[in-house]
Amino acid sequence: DVTYTSMIGVLCKANRLDEAIELFEQMELNKKVPCAYAYNTMIMGYGSAGRFDDAYKLLERQKEKGCIPSVIAYNSILTCLGKKGKVDEAYKMFDEMKKDAEPNPSTYNILIDMLCKAGMLEDAYQVRDAMEVAGLFPNVLTVNIMVDRLCKANKLDEACRIFEGMDKKGCTPNAVTFGSLIDGLGRRGRVDEAYRLFERMLDAGQVPNAVVYTSLIRNFFRCGRKDDGHKIYKEMVRRGGCPDLTLLNTYMDCIFKGGEVEKGRALFEEIKARGFVPDVRSYSILIHGLIKAGCARETYELFYAMKEQGCVLDTLAYNTVIDGFCKSGKVNKAYQLLEEMKGKGHPPTVVTYGSVIDGLAKIDRLDEAYMLFEEAKSKGIELNVVIYSSLIDGFGKVGRIDEAYLIMEEMMQKDLTPNVY
RNA sequence: CCCCCAGUGCAU
């Protein structure tokens with residue numbers, strides 16, 4: 001039984017759900033009533049595959065067969081409900097489960113998580129209190145969930161309060177706790193506090209991971225403190241920290257945005273030198289950085305390097321490359337890619353159209369720009385000020401004032417305010 | 001066998 005069940009678990013994790021189901025059904029045939037462990041595993045398998053209804057049906061079948069579902073089965077179902085945001089049903093299930101099994105700390109965490117995600121912070125606090133009333137202690141995961149959600153809801157001080165109070169409750173912050181809060185503070189520009197937290201992390205004997213360094217670097221750069229950003233990178237290296245690809249991509253983007261083009265290029269080389277294969281984001285960042293530095297001509301070569309490497313472009317990458325082509329006199333190439341992306345299941349966005357329309361407008365190909373403008377409208381894309389500005393600017397520049405005026409009026413009718421005068 | 005799975009890229 002146990003062997004079967006672990007096999008089912010392995011199959012589920014390997015995305016071979018069909019085989020898992022087959023095995024499970026065989027168990028049901030042989031044994032009439034599989035053990036609770038088997039049900040747990042199978043319910044979880046359905047859940048992580050997104051087949052929530054099947055998970056629920058299996059729970060019902062388990063009950064019918066007289067096997068009492070364990071808390072773990074219920075937790076899996078609650079997780080499913082959480083992923084669908086069905087808070088009410090989750091509450092109902094929570095009450096219902098008490099007949100069969102005692103909720104454990106995970107049960108409460110799952111509830112708290114979904115309430116936080118639904119923005120129902122007050123309810124989340126209530127559940128946390130109920131947890132204590134039930135004689136269970138919130139653990140580090142409970143805190144992590146709340147800290148993260150509070151930060152994202154811009155309730156930083158409250159997040160800090162919970163963080164500061166956790167030690168008293170006998171739970172120690174871990175890397176995720178620190179990471180969430182350091183990033184939460186940094187994103188809101190409170191980088192010095194974030195850095196102090198980083199120091200506390202060190203004092204507490206924790207080893208900061210790449211997530212923490214990435215967040216610090218990005219946020220210091222974003223508020224214009226380039227030198228501090230660089231220092232943090234060096235500090236990481238000095239401490240023997242190992243950058244991952246996300247960190248290097250982020251750092252490269254920061255460097256480019258700070259105007260250090262050659263350093264940015266060097267970082268791309270370093271990514272390769274460190275044995276990473278640049279991913280679609282690495283290329284997007286590099287190309288974008290070069291475009292902004294006036295080196296849009298290099299898009300062509302990089303685009304082919306990307307393809308050669310087998311890198312699959314996503315919407316943002318297409319947008320970036322298309323912009324690069326537009327800004328290096330290769331508008332036809334941009335058109336071609338516009339078609340390519342449609343064909344590959346990436347519908348052009350308002351940004352895609354924005355790039356091409358602007359590219360065309362800047363070289364006075366206004367009729368084509370206008371055609372794309374109409375095309376975007378016909379596709380139901382919400383046009384924004386950027387698009388209108390490019391067009392108005394273009395028509396105005398060549399003296400087609402009447403048309404510029406009409407477009408301007410259309411923009412006003414949409415309640416968009418011009419930002420270029 | 002169940003819960004946080006915290007950090008990167010685009011147009012005027």
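Residue numbering restarts at 1 for every chain, and letters A, B, ... go by the order of the sequence lines. Every value quoted in this text rests on a predicted model; they were computed, and no experiment measured them.
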Looking only at side chains, do T250(A) and D253(A) share a donor and an acceptor under 3.5 Å apart? no
So K152(A), base contact, sugar-phosphate only, or nothing? Heavy-atom distance under 4.0 Å. sugar-phosphate
Let's see if you can work this out: which of rG9(B), rC2(B), rA6(B) has an atom nearest to the side-chain heavy atoms of H288(A)? rG9(B)
Are side-chain N/O atoms of T349(A) and T352(A) paired as donor and acceptor at under 3.5 Å? yes
Mark yes when over 12 heavy atoms from residues, nucleotides or ligands other than R297(A) sit less than 6.0 Å from its CZ; otherwise mark no. no
Any residue of residues 243-255 of chain A with a heavy atom less than 4.0 Å from an atom of RNA chain B: D244(A), T246(A), L247(A), N249(A), T250(A), D253(A)
Within the pair R281(A) and rU8(B), is there a side-chain N or O less than 4.0 Å away from OP1 or OP2? no
Mind checking if A361(A) touches a base, just sugar-phosphate, or nothing, with heavy atoms under 4.0 Å? nothing
Indicate, with a heavy-atom threshold strictly under 4.0 Å, whether R187(A) touches base, sugar-phosphate, or nothing. sugar-phosphate
Which part of the nucleic acid, if any, lies within contact of A175(A), taking any heavy atom under 4.0 Å across all strands shown: a base, the sugar-phosphate backbone alone, or nothing? base
When we call it a touch if two heavy atoms are under 4.0 Å apart, what does V280(A) touch: a base, just sugar-phosphate, or nothing? base
List in numerical order all residues of residues 96-116 of chain A for which some heavy atom is under 4.0 Å away from an atom belonging to RNA chain B. N104(A), S106(A), N109(A), I110(A), D113(A)
Member of D100(A), T107(A), T79(A) meeting the side chain to side chain donor-acceptor pair (under 3.5 Å) criterion with Y74(A): D100(A)
Check every atom of rC1(B), rC10(B), rA11(B) against the side chain of K327(A) and return the nucleotide holding the closest atom. rA11(B)
Would you please name every residue forming a side-chain contact (heavy atoms from CB on, under 4.5 Å) with M7(A), sequence neighbours left out? L11(A), L23(A)
Taking atom types as they are modelled, would you say the side chain of N174(A) forms a donor-acceptor pair with the base of rA6(B) within the 3.5 Å cutoff? no
Tell me whether the OP1 or OP2 atom of rC5(B) has a side-chain N or O from K117(A) closer than 4.0 Å. yes
Quick note, D358(A) side chain, CB onward, closest among rC10(B), rU12(B), rC1(B) is rU12(B)
Taken to the nearest whole Å, CD1/I162(A) to C1'/rA6(B) is 15 Å
Find the distance Y353(A):OH to rA11(B):P and express it as a whole number of Å. 18 Å
Which part of the nucleic acid, if any, lies within reach of A317(A) when heavy atoms closer than 4.0 Å are counted: base, sugar-phosphate only, or nothing? base
